[in-house]
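Working notes, beginning with the structure itself.
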Protein chains: 2
Amino acid sequence: MATLPQAKSSPAPAAKGRGRRTTRASGDDRERAILETAERLLEERPLSEISVDDLAKGAGISRPTFYFYFPSKDAVVLTIIDRLVADAGGGREEILARLADAGPQAGLRASLENLYAAFRSRPGVVRAGSDLRTTNQEARDLWAQVMEGWVADVTAVIEFERSRGTAPPGQPAREMAIALVQMNERAQYATLLGEEPSLEGDRVLDVLIEIWLRAIYGTAEPG
Amino acid sequence: MATLPQAKSSPAPAAKGRGRRTTRASGDDRERAILETAERLLEERPLSEISVDDLAKGAGISRPTFYFYFPSKDAVVLTIIDRLVADAGGGREEILARLADAGPQAGLRASLENLYAAFRSRPGVVRAGSDLRTTNQEARDLWAQVMEGWVADVTAVIEFERSRGTAPPGQPAREMAIALVQMNERAQYATLLGEEPSLEGDRVLDVLIEIWLRAIYGTAEPG
DNA sequence: GACTGTATCAACAGTGTGTTGAGTAGGTCA
DNA sequence: TGACCTACTCAACACACTGTTGATACAGTC
């Protein structure tokens, strides 16, 4: 992948006012207990139906004590999402390399599969993150940054393939990339949460990949 | 359009327990005032930052009186959305017909343009509808029904084009349709709300249409 | 002119959030 | 040892919001 322009790939920033107010102590256990309680409850019911008291009770502390560890319910979820996103973005560079080595078909599948796998195991957390975006600016910013990273990667791939002559020209690469990444976001989210209509879990990648390949490598000559 | 199988196209159902508890009276004004207040406020700030009291005040009544007209804040938004969706779906049959007459390129553009136009003027309402889906089952059902209608239409078009031989075979038509419709939903929503990254308002249709045409009519021979 | 249905709201009950202020318990250094 | 700091804890409070009750006013009938 030496030839493929490297997209800016900064790791998630160390969440500013998030975690505890001060640092260090045996209360690390409590903090972990809160996070674990949140993860567990989020697989049971949506964030809007989980109160700070639920999280506190689950961690064996009172509500005011909860506020010693986190400034709000949202902050807990953002901490969880930060980690999930870091996991999902982990293999990004190797993946990008594999994309060039293995060829577009296999490379694309590997990339999207990797991504999908990271979220599939915790649909509740994904839903919570999505919900948060509607009320929380920090959640929007975090997700925007993630999307931007993927868009940059895909843009680079499309431009590279076009410059090699393996992909035909068309709408600007970045714009194609934005639409394709958005399609994946929406389709995979719907599948994960079993929305109706949505693609079946074992079909979603096949379908998305066909659209990606046709959008990038195909030309349309409708007759 | 006689040859194109007609997708089930039921109009939005007459919202059950929504509107007023009982009927008729001069209080129609009040009901309208509440709806107008909601539409106005939603263009200013998100639903989560609008209280029942805001709506009541805006309509010149007290909070309990609000509950005489609507069972909840959500019900107001759902009423607004119902109408918006009815507007957007209005021209559906003519559009389908035009699609077959004008050919895929122009027909598709006309369809998507029509749809986009219906929502463009009230981004606040669109956002509210999207927000509602996270907490409100009725909102989810309503949107699912709308999506299902579009998916059915697009599926029919794809199958028709494939049977005519103008579109090549590929992944099942319905699955392609789902992914494409989801892409539009997400991309247009992002554009409408000015998310980052998103497509510019004057670019979104060009880009989406290219992807639709390539996905439906193109084949991918990467290499 | 008693009756019925529309329309209205003060006052209440309940559930959630985030804050205050008063503490306890352990370590550290004089 | 005891004064002192810092991590940690929570009962009680102050708010903001939702949804309900019960009383009331006011129209139109019959």
Side-chain angles (χ1 to χ4, degrees), chain A residues 16-38 41-42 44-79 128 131-132 134-139, chain B residues 16-38 41-42 44-79 128 131-132 134-139:
Chain A
K16 223 149 294 179
R18 216 110 87 222
R20 197 134 22 128
R21 291 210 274 263
T22 60
T23 7
R24 201 176 359 271
S26 76
D28 280 355
D29 301 342
R30 294 293 159 85
E31 188 169 330
R32 213 174 328 112
I34 293 171
L35 290 168
E36 277 164 15
T37 301
L41 293 183
L42 281 175
E44 285 171 17
R45 53 184 195 268
L47 182 59
S48 59
E49 287 169 28
I50 298 172
S51 70
V52 170
D53 206 39
D54 293 335
L55 297 179
K57 287 265 169 53
I61 54 177
S62 72
R63 209 159 51 76
T65 301
F66 168 93
Y67 286 105
F68 178 79
Y69 290 99
F70 292 95
S72 70
K73 192 171 74 173
D74 288 7
V76 176
V77 177
L78 279 166
T79 300
D131 290 358
L132 251 202
T134 69
T135 54
N136 186 297
Q137 184 62 45
E138 202 175 346
Chain B
K16 224 149 292 181
R18 217 111 85 222
R20 198 141 14 134
R21 292 210 272 265
T22 60
T23 7
R24 199 173 358 272
S26 76
D28 280 355
D29 301 343
R30 293 292 158 84
E31 188 169 330
R32 212 174 328 112
I34 293 172
L35 290 168
E36 277 163 15
T37 302
L41 293 182
L42 281 174
E44 286 171 17
R45 53 184 196 268
L47 182 59
S48 60
E49 287 169 28
I50 298 173
S51 70
V52 170
D53 206 38
D54 293 333
L55 297 179
K57 288 264 170 52
I61 55 177
S62 72
R63 209 160 49 76
T65 300
F66 167 93
Y67 286 104
F68 178 80
Y69 291 97
F70 291 95
S72 69
K73 191 172 73 172
D74 288 7
V76 176
V77 177
L78 279 165
T79 300
D131 290 358
L132 250 202
T134 69
T135 53
N136 186 297
Q137 183 62 46
E138 201 175 347

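Proteins come first, then strands; the chains are lettered A, B, ... in the order of their sequence lines, and each starts at number 1.
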**Study point:** Integer-rounded Å distance: D:dC17 P and B:Leu55 CG
**Key:** 12 Å
**Study point:** Gap separating the CD atom of B:Glu36 from the CG atom of B:Asp29, nearest 0.5 angstrom
**Key:** 10.0 Å
Check your understanding: Is A:Ser51 touching bases, backbone alone, or none of the nucleic acid, heavy atoms closer than 4.0 Å?
Key -> sugar-phosphate
Point to revise | Nearest-0.5 Å distance that lies between atom CD1 in A:Ile61 and atom CD1 in A:Ile34 | key: 4.0 Å
Exercise for review: Would you mind reading off the distance between B:Lys57 atom NZ and C:dC9 atom C1', rounded to a whole angstrom?
Suggested key: 13 Å
Study note, to complete from the structure: From the candidates D:dT18, C:dT8, D:dA12, the one with an atom nearest any side-chain atom of B:Tyr67 is D:dT18
Practice item. Answer yes when A:Asp28 and A:Arg32 have at least one side-chain N-carboxylate O distance shorter than 4.0 Å, and no when they do not. Key: no
Review point. Quick one: A:Glu49 CD to C:dG16 C1', roughly how many Å, whole number?
Key: 14 Å
Check your understanding: How long is the span from the OH atom in A:Tyr67 to the OG atom in A:Ser62, to the nearest 0.5 Å?
Key -> 11.0 Å
Point to revise | Whole-Å gap separating C1' (C:dT6) and CG (B:Asp28) | key: 12 Å
Practice item. Map A:Ser72 and B:Thr65 onto DNA chain C by nearest heavy atom, then report which one ends up closer to the 5' terminus. Key: B:Thr65
Check your understanding: Phosphate oxygens OP1/OP2 of D:dA7: is one of them under 4.0 Å from a side-chain N or O of A:Tyr69?
Key -> no
Practice item. Specify the separation, in whole Å, of atom CZ of A:Phe70 and atom P of C:dG18. Key: 14 Å
**Study point:** Shortest side-chain distance from B:Arg30, nucleotide among D:dA11, C:dT8, C:dA10
**Key:** C:dT8
Exercise for review: Give the C-alpha distance, both sets of side-chain angles, the deciding distance and a yes or no for side-chain contact (heavy atoms from CB on, under 4.5 Å) between B:Leu35 and B:Phe70.
Suggested key: CA-CA 10 Å; B:Leu35 290 168; B:Phe70 291 95; 3.9 Å; yes
**Study point:** Selection from D:dG19, D:dC10, C:dC9 that lies nearest to any side-chain heavy atom of B:Val52
**Key:** D:dG19
Check your understanding: Could you state the CZ-P distance from A:Phe66 to D:dA11, rounded to the nearest angstrom?
Key -> 17 Å
Practice item. Specify the separation, in whole Å, of atom CZ of A:Arg63 and atom P of C:dT19. Key: 11 Å
Practice item. Counting heavy atoms from C-beta on, name the nucleotide in D:dA7, C:dA11, C:dT17 closest to the side chain of A:Phe68. Key: D:dA7
Exercise for review: Grab the CG-P distance between A:Asp53 and C:dG14 for me, whole Å please.
Suggested key: 17 Å
